[in-house]
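What follows is a short report on a single structure.
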There are 2 protein chains.
Amino acid sequence: MGIDDTWFTPLTPLAFLERGAEVFGDKEAIVYGERRLTYREFAAEATRVANALRASGVEPGDRVAYLLPNIPEMLVAHFAVPLAGAVLVAVNTRLAPAEIKHILAHSGAKVLVADAGLHASVPSDSGVGEIVTVTDPASGASPDPRVGGISYDDLLARGSDEPLPWTVADERGTISINYTSGTTGQPKGVLYHHRGAYLNSLAEIVHSRHTTESRYLWTLPMFHCNGWCTTWAVTAIGGTHVCLRAVDAAEIWRLLEAERITHLNGAPTVLVTIAGHDGAHPLDREVLVTTAGAPPSPTVIKRMAALGAKLVHVYGLTETYGPYTVCEAQDGWTALDVDARSRLQARQGVGMIVSDGVRVVDDEMRDVPRDGATMGEVVMRGNNVMAGYFADPEATEKAFRGGWFHSGDLGVRHPDGYIELRDRAKDIIVSGGENISTIEVEAALDSHPAVLEVAVVGVPDEKWGERPKAFVVLRPGRSVEAEELLDHVRERIARYKVPNAVDFVGELPKTSTGKIQKFQLREREWGDRNSRVQG
Amino acid sequence: MGIDDTWFTPLTPLAFLERGAEVFGDKEAIVYGERRLTYREFAAEATRVANALRASGVEPGDRVAYLLPNIPEMLVAHFAVPLAGAVLVAVNTRLAPAEIKHILAHSGAKVLVADAGLHASVPSDSGVGEIVTVTDPASGASPDPRVGGISYDDLLARGSDEPLPWTVADERGTISINYTSGTTGQPKGVLYHHRGAYLNSLAEIVHSRHTTESRYLWTLPMFHCNGWCTTWAVTAIGGTHVCLRAVDAAEIWRLLEAERITHLNGAPTVLVTIAGHDGAHPLDREVLVTTAGAPPSPTVIKRMAALGAKLVHVYGLTETYGPYTVCEAQDGWTALDVDARSRLQARQGVGMIVSDGVRVVDDEMRDVPRDGATMGEVVMRGNNVMAGYFADPEATEKAFRGGWFHSGDLGVRHPDGYIELRDRAKDIIVSGGENISTIEVEAALDSHPAVLEVAVVGVPDEKWGERPKAFVVLRPGRSVEAEELLDHVRERIARYKVPNAVDFVGELPKTSTGKIQKFQLREREWGDRNSRVQG
């Protein structure tokens with residue numbers, strides 16, 4: 001940056017692994033089944049891969065795509081790719097070949113590193129210069145000859161152990177591009193810079209209370225906002241990464257004990273999976289669980305507390321490096337009963353320590369009153385907000401109208417300044433001119449003891465335009481009649497918000513990160529009718 | 001910085017108090033005797049003082065000097081002065097009027113805010129535009145009419161509650177100038193920028209494990225490296241500052257209990273004072289004590305552990321925003337016996353999470369071997385190293401020769417990469433061509449049960465050039481003969497390192513920050529002889 005570099009060093013997560021290798025060289029950095037890598041080995045592998053990518057023709061600024069589950073090679077990529085001066089594109093492993101093809105083409109990826117177990121998702125005409133296949137013995141999958149390319153070992157053989165500088169010329173340079181899940185339209189490529197990734201990593205350490213003793217279980221996909229920057233954060237603090245190929249409750253419980261896990265991150269549905277497992281039992285230590293993706297219901301909060309987990313509720317989007325707000329606990333809350341406290345904890349909260357601040361605004365960018373009732377859109381800005389959408393100036397301009405990033409999430413601001421989401425703009429139900437928050441209806445349903453999980457969407461209604469409908473998964477061995485359940489809800493929320501219908505289902509459609517895909521439920525109900533007009 | 005400010009925000013500690021007021025508005029921010037300020041009040045007072053300084057003619061970039069003990073007004077200044085766009089010069093309260101006059105003149109301070117109890121230290125012809133006097137009822141001191149000027153209340157009356165932006169135009173702008181203690185020559189003004197102060201604050205939070213529940217006792221002077229950036233760090237995390245006008249063991253023990261203190265910082269001599277008090281007793285919770293200024297002896301480490309304190313040993317200088325390295329604990333250390341562990345913990349360690357890295361180099365800037373024996377000079381660089389000395393390009397250039405800041409501290413590098421100071425360059429004893437580390441000799445003396453505190457310096461010797469001499473303070477009620485003590489030392493270190501003489505003294509000369517002033521001891525012994533030539 002043209003600054004005297006004796007006292008100005010670019011902020012980059014690369015420095016975290018450099019320090020890890022220096023300070024915690026012999027310490028366990030990565031655990032995956034029987035594999036154990038020390039920090040020295042972690043850094044050596046990142047160096048070898050970076051040199052191999054360069055030897056493969058990857059130039060500074062080139063994009064390198066990865067399609068891997070949460071295995072060590074995916075973690076190494078978070079350092080190896082930027083160490084090569086390139087940009088990491090970690091692709092959602094649940095996407096279809098056509099979607100992946102779009103991301104590879106849009107990002108202009110030069111290389112694709114793919115897991116053999118995901119070869120079915122690799123598009124036939126991928127358009128990348130070379131495909132590298134990781135064959136994970138734990139998956140049992142063999143490479144599909146159709147995919148071609150070289151093996152990960154072939155790639156490594158091209159590399160060397162020649163040290164590379166753990167730094168970048170410009171901290172505002174791009175470290176990764178993360179594609180939005182894009183429930184409608186094409187996914188957009190969110191640009192992360194080194195500075196934002198560095199600062200958000202420090203914020204994750206502070207708010208999730210990581211220490212050098214952290215043993216972090218990878219229940220959250222690394223392709224999701226680079227694991228909310230936890231790929232970099234746990235490395236920065238010198239903790240231990242415990243990899244996990246797939247979210248499996250039995251394996252999670254085994255690792256919680258066998259690896260003495262202290263921290264994990266996940267959407268509330270993942271927590272429901274963990275808490276609902278046969279083997280669930282109170283832990284002999286406090287495990288810190290950071291959750292986001294949907295507000296944890298009071299029921300989830302209570303269940304996790306019963307297991308000995310301390311819950312930290314955060315909120316953000318792909319565009320904000322993952323978490324941007326945190327529901328900071330206040331002194332007075334411990335004196336409240338568990339229900340009152342849970343309601344406060346279910347709010348999205350306030351800006352994290354490195355955040356610029358969060359606002360809830362109306363269409364004219366005016367702050368809504370702090371009344372806990374007036375809805376507006378949540379907007380954010382600062383170092384941990386994306387630099388923009390890759391190769392999409394129009395979408396970037398639209399997202400940043402008024403100088404703030406527009407989340408598309410609707411919420412209120414409480415008198416204490418905490419924000420609370422009421423809904424995604426597209427998830428709000430407009431019934432007879434009244435807005436109904438599906439989150440509020442879901443919380444009322446969820447508080448019934450027979451309910452395991454629930455989703456509420458708007459369905460067409462001749463008279464009201466749309467009306468709420470509930471999709472309910474019951475807890476194993478429990479039952480409840482629809483009318484009894486609705487009586488339970490009527491005691492808790494206004495009559496006009498009570499669903500007209502309840503469908504009991506075996507499971508809910510979810511994204512790879514555990515978010516419930518309401519658009520799938522809506523599609524079932526709306527069929528080929530025109531999509532409703534948003535009020 | 002000319003960057004699109006929707007996604008790039010300057011790093012400044014000002015943002016920490018803005019967030020504190022927003023997120024922890026009703027929380028106790030500052031405690032001082034009966035006074036309790038919430039975060040909202042803290043921010044309001046900073047705003048009022050900033051506006052008052054502006055109304056008093058303070059322009060952006062002007063220097064504002066403060067001569068206050070650790071009282072709330074000093075803490076407020078850490079935000080109020082930069083909020084006014086000005087630069088804080090927090091002056092060491094132990095300095096003589098002539099020294100303070102030099103600092104006021106060198107910094108060109110426009111305003112001096114001084115405590116009535118320190119009026120005797122205010123030079124008659126201060127040269128500043130205006131003196132503001134804080135009269136602290138707890139001190140019992142009245143303003144000296146000689147000093148003149150206005151009262152703090154007068155200053156506040158000039159202010160307003162008009163909000164000011166909690167930001168700066170350039171994160172590389174100066175936030176404070178801290179004058180070195182300058183045991184020889186004139187003190188130099190160390191330039192801190194907003195970026196460095198911000199990043200070092202986050203590092204303090206991480207390494208001292210601060211949380212929103214932190215209740216921090218101000219045993220470390222705020223004028224000392226801005227309290228190692230803890231003025232900003234504890235504010236950033238939303239902890240509670242417990243002010244302390246003077247280091248008094250009885251008052252410290254009262255506050256440890258009455259205010260449920262969780263954290264404090266201090267030099268090992270401060271810890272000796274705390275541990276040696278009649279009222280010392282094991283605490284019912286872990287208090288995290290961050291120590292620097294001298295390596296804590298194994299004895300201090302053991303005594304603090306017995307009280308329930310967890311010790312974090314850090315090292316740095318005024319030029320590095322306070323702490324730059326930390327002695328990170330490694331997994332294997334817990335299995336060691338307390339003596340072996342204490343020896344490892346007494347080392348200065350490795351770069352902190354935001355540090356660029358620390359080196360030990362010879363005169364040609366070559367790294368010394370990692371053998372724990374070869375001495376070299378400790379050098380550092382990066383965001384948490386000063387931008388230079390104010391108005392002293394020559395000293396700046398000399399300090400940064402070879403592109404790294406030269407600490408003047410001599411040390412070794414161990415095979416595990418940890419650095420360990422052997423001495424200040426000027427504290428090493430050169431005896432018959434051999435270098436003797438006074439620290440090593442002191443540790444040997446300190447391990448005797450009758451010894452409370454010790455300092456070793458070189459004294460003139462006809463044959464050897466110089467020889468070590470010990471100054472020893474005994475524990476109350478304990479006694480030991482000099483020869484018995486030296487026998488104890490002979491069992492522990494090489495014969496040539498054993499002092500030739502022992503002086504039993506009532507106390508050791510110390511700086512305001514609790515560092516032992518060896519130069520005073522040396523002066524007594526060397527009288528008007530020429531100072532020894534450094535080998």
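So you know, we letter chains A, B, ... as the sequences are listed, proteins then strands, and number each from 1.
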In terms of heavy-atom pairs under 4.5 Å with chain B, the winner among A:Asp416, A:Val350, A:Ile205 is A:Val350

Specify whether B:Tyr39 and B:Phe24 have parallel, tilted or perpendicular ring planes, treating 30° as the upper limit for parallel and 60° as the lower limit for perpendicular. tilted

Interchain contact, B:Ala203 with chain A, by part (heavy-atom threshold 4.5 Å): neither

Based on non-hydrogen pairs under 4.5 Å, which of A:Gly351, A:Ala15, A:Gly357 is most in contact with chain B? A:Gly351

So which of B:Ile353, B:Val354, B:Asp331, B:Leu199 has the largest heavy-atom pair count under 4.5 angstrom toward chain A? B:Ile353

Report yes if the distance between the aromatic ring centroids of A:Tyr418 and A:Trp333 is under 6.0 Å, otherwise no. yes

Before you tell me yes or no, could you show the steps for A:Glu259 and A:Arg215 under salt bridge (charged side-chain N to carboxylate O under 4.0 Å, His left out), namely the whole-Å CA-CA distance, both residues' side-chain angles and the distance that decides it to 0.1 Å? CA-CA 8 Å; A:Glu259 296 294 341; A:Arg215 295 183 64 85; 2.7 Å; yes

Between B:Ala236 and chain A, with a heavy-atom cut-off of 4.5 Å, which part of the residue counts as in contact: side chain, backbone, both or neither? both

Out of B:Thr211, B:Ile237, B:Asp26, which one racks up the most heavy-atom pairs below 4.5 Å with chain A? B:Thr211

With side chain to side chain donor-acceptor pair (under 3.5 Å) as the test, pick out the partner of A:Tyr389 among A:Glu394, A:Glu319, A:Lys398, A:Lys188. A:Glu319

Out of curiosity, A:Tyr198 OH to A:Ile175 CD1, how far, rounded to the nearest 0.5 Å? 12.5 Å

Against chain B, label A:His210 side chain, backbone, both or neither, depending on which of its atoms sit under 4.5 Å from a heavy atom there. neither

Select one option (side chain, backbone, both, neither) describing which atoms of B:Val379 are under 4.5 Å from chain A's heavy atoms. neither

Steps toward side chain to side chain donor-acceptor pair (under 3.5 Å) verdict (B:His241, B:Thr235): CA-CA 8 Å; B:His241 298 271; B:Thr235 306; 2.9 Å; yes

Donor + acceptor pair across side chains of B:Glu377, B:His406 (<3.5 Å): yes

Tell me, side chain or backbone of A:Gln330 under 4.5 Å from chain B's heavy atoms, or both, or neither? side chain

Run the numbers on B:Arg19 and A:Glu328 for salt bridge (charged side-chain N to carboxylate O under 4.0 Å, His left out), then give the verdict. CA-CA 12 Å; B:Arg19 181 176 184 271; A:Glu328 292 270 24; 2.8 Å; yes

Tell me, out of B:Arg209, B:Glu18, B:Arg195, B:Glu22, who's got the most heavy-atom pairs with chain A below 4.5 Å. B:Arg195

Side chain / backbone / both / neither for B:Val23 at chain A, heavy atoms under 4.5 Å: both

